[in-house]
There are 2 protein chains.
Amino acid sequence: MAMVGRDRVAVMVTADLVILTIRSGTLMVLLVKRDNEPFKGRFALPGGFLRDQETIEKAAARELSEETGVRAESLHLEQVRLYSDPRRDPRRPRVLTCAFLAIAPDLGDPVPGTDAQDALWSPVDAVLAGTHDLAFDHDTILADAVEQARAKLEYSTIATAFCQPQFTIGELREVYEAVWGVDVDRPNFHRKVTGSPGFVVPTGSKRQQPNGRPATLYTPGAAEVLSPPMLRTPRTRARPLSGADA
Amino acid sequence: MAMVGRDRVAVMVTADLVILTIRSGTLMVLLVKRDNEPFKGRFALPGGFLRDQETIEKAAARELSEETGVRAESLHLEQVRLYSDPRRDPRRPRVLTCAFLAIAPDLGDPVPGTDAQDALWSPVDAVLAGTHDLAFDHDTILADAVEQARAKLEYSTIATAFCQPQFTIGELREVYEAVWGVDVDRPNFHRKVTGSPGFVVPTGSKRQQPNGRPATLYTPGAAEVLSPPMLRTPRTRARPLSGADA
DNA sequence: GCAAAAGTGTTTTAGCTACACCCATGT
DNA sequence: ACATGGGTGTAGCTAAAACACTTTTGC
């Protein structure tokens, strides 16, 4: 069945999703508890099989809206890479997976899909530390996707994808702090963001926080690249590992 | 045959290679003339099918050494992304392809592989302008891979992968000029490269050019990231489209 | 008034641009 | 001598880092 002839092998392909969000200042990833073999009962990234007449992006978008209940068009979705180790999945024919990075604002508690016993947001730091021992090669995929997200904050404007439709500069700064795990200088960040054309556009209205001066509200701008980039290298003192205790 | 059951489809997977090099100051890509259907007689990127018990990286490395005659370990090879449009290949079962970017020093004239009528280095600018109308979605793949290479020169040290084992700073500068298609200020480039720890390491010997003072020879350094990055944005006057006349 | 978060001003420094200049070699 | 490419010096600018300071709200 798996051999089609000559030196070619027929395979199945899945799209697996690393859906990141920020809840109470901590970078979180959506995990599901598997309800089927293999790895039944273990935590894994949400995902599903490629269907006939469908691109892998379409498959990823379908899974994303199933898992989050939100139209995928409104969320940021991009490929990470293809994972093809023959030992990554015991099933035959072989199953390759194309990993996707999805970035979402806080969506509230998830509802388990059809092929999952459970679905929950977990702190990325804790999962990367190995607390769950994810199914398949999903620990590797998660690490790669998180690194891709961290890198993209530097030279792109996707940080706004973690925010609600309207957000304050302070909330955007908390995105960088949660994803990078560092403190960012508040005054310099404010100038950098408001001074980068097309990063954010003010709505004109303000929002009152529990404390302090009301903050100007912004929406995402048209620019996708951030040049010059936001630097994560400088002497920003690292913060304690967040989320392991949340 | 293509349907395995439920909502899953069995597919074939290929690895297609964008092998870039620089010959006489021009960025070139390796193309093969197809000897089989579909697209028989049309130019395409070299590639081949994924085999049993093999990762897609292994398949790409195998094709790369077949096409270039060089051990793939010595060349830079990285994924671009998975291409999965159901119309990209007329064959059934569906054929998805994982594109790879390979960067090589000037290797001389290629020898056609088993499933190609011909193999040749073509100027990237000319191919991107549509002179060949490549098979499948290979025009898109080429454009994506070239953009990935251009971006990587900014924040990584892979430019050395275009050079011979020993090279001069002038040769490395010609890499940037050929890939980006811009003039780079010679004195500033020299300082930037030699002042970036781990980018290049001097061998101690020098090489005499046809003209001028002998140049110090360097080998690639251990660093892979270049921080701060090399900027391609500044007021570098664009050079005329190269290669269309080569 | 005080706490807290938003937002502005200012000094210093890193790193890049632009371009003048010197060096070492072949013809 | 002079052409050619390698390599250094330097003035000026941009933008970031660091941190002091002012503004606007709730209590």
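Numbers restart at 1 for each chain; the letters A, B, ... are given by sequence-line order, proteins then strands.
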Go through residues 188-202 of chain B and report each residue with a non-hydrogen atom lying under 4.0 Å from DNA chain D, sorted by number. B:H190, B:R191

Quick one: which of C:dT17, D:dG6, D:dC19 gets closest to the side chain of B:T168? D:dG6

Under a 4.0 Å N-O cut-off, is there an ion pair linking A:R81 with B:E57? yes

A:R207 atom CZ is separated from C:dA5 atom C1', nearest whole Å, by 13 Å

Under 4.0 Å: is that the gap between some side-chain N or O of B:T216 and OP1 or OP2 of D:dG7? yes

Which residue, A:G170 or B:Q209, contacts DNA chain C at a nucleotide closer to its 5' end, judged by nearest heavy atom? A:G170

Salt-bridge contact B:D109-B:R23 (side-chain N to carboxylate O under 4.0 Å): yes

For residues 208-217 of chain B, run the donor-acceptor check on the side chains, cut-off 3.5 Å, and write out each pair with its distance to 0.1 Å, sequence neighbours left out.
residue	atom	partner	partner atom	Å
B:Q208	NE2	B:G212	O	2.8
B:T216	OG1	B:K206	NZ	3.1

Please test B:D144 against B:V18 for side chain to side chain contact (heavy atoms under 4.5 Å, CB included), starting from the C-alpha separation and ending with a verdict. CA-CA 10 Å; B:D144 292 348; B:V18 176; over 6 Å; no

From CE of B:M230 across to C1' of C:dT17 the rounded distance in Å is 14 Å

The side chain of A:L231 is closest to which nucleotide in this list: D:dG6, D:dT8, D:dA16? D:dA16

Report which part of the nucleic acid A:P187 touches: base, sugar-phosphate, or nothing (heavy-atom distance under 4.0 Å, all strands). base

Report the distance from atom CG of B:L217 to atom C1' of D:dG7, rounded to the nearest whole Å. 15 Å

Rounded to whole angstroms, how far apart are CG on A:D185 and C1' on C:dT8? 13 Å

Calculate the interatomic distance between A:E171 atom CD and C:dG7 atom P; express it in whole Å. 11 Å

Provide, to the nearest angstrom, the distance between the CZ atom belonging to A:R186 and the P atom belonging to D:dA20. 13 Å

Count the heavy atoms belonging to other residues, nucleotides or ligands that lie under 6.0 Å from CD of B:Q166, then report whether that count exceeds 12. yes

Using atom names, set out every protein N or O paired with an N or O of nucleotides 23-25 of chain D below 3.5 Å, distance rounded to 0.1 Å.
residue	atom	partner	partner atom	Å
D:dT23	O2	A:R213	NH1	3.1
D:dT24	O2	A:R213	N	3.2

If the condition is side-chain hydrogen bond (donor to acceptor under 3.5 Å, both in side chains), which residues does B:K192 pass it with, not counting sequence neighbours? none

Assess the residue pair A:H190 and A:R173 against the criterion (side chain to side chain contact (heavy atoms under 4.5 Å, CB included)); give the C-alpha distance rounded to whole Å, side-chain angles, the decisive distance to 0.1 Å, and a yes or no. CA-CA 8 Å; A:H190 189 280; A:R173 183 171 45 81; over 6 Å; no

Of all pairs that satisfy ring-ring contact (aromatic ring centres under 6.0 Å, His included), the ones with a partner from residues 150-170 of chain A, not counting sequence neighbours: none

Residues two or more places apart in sequence or in another chain: which of them pass side-chain hydrogen bond (donor to acceptor under 3.5 Å, both in side chains) with A:E147? A:R232

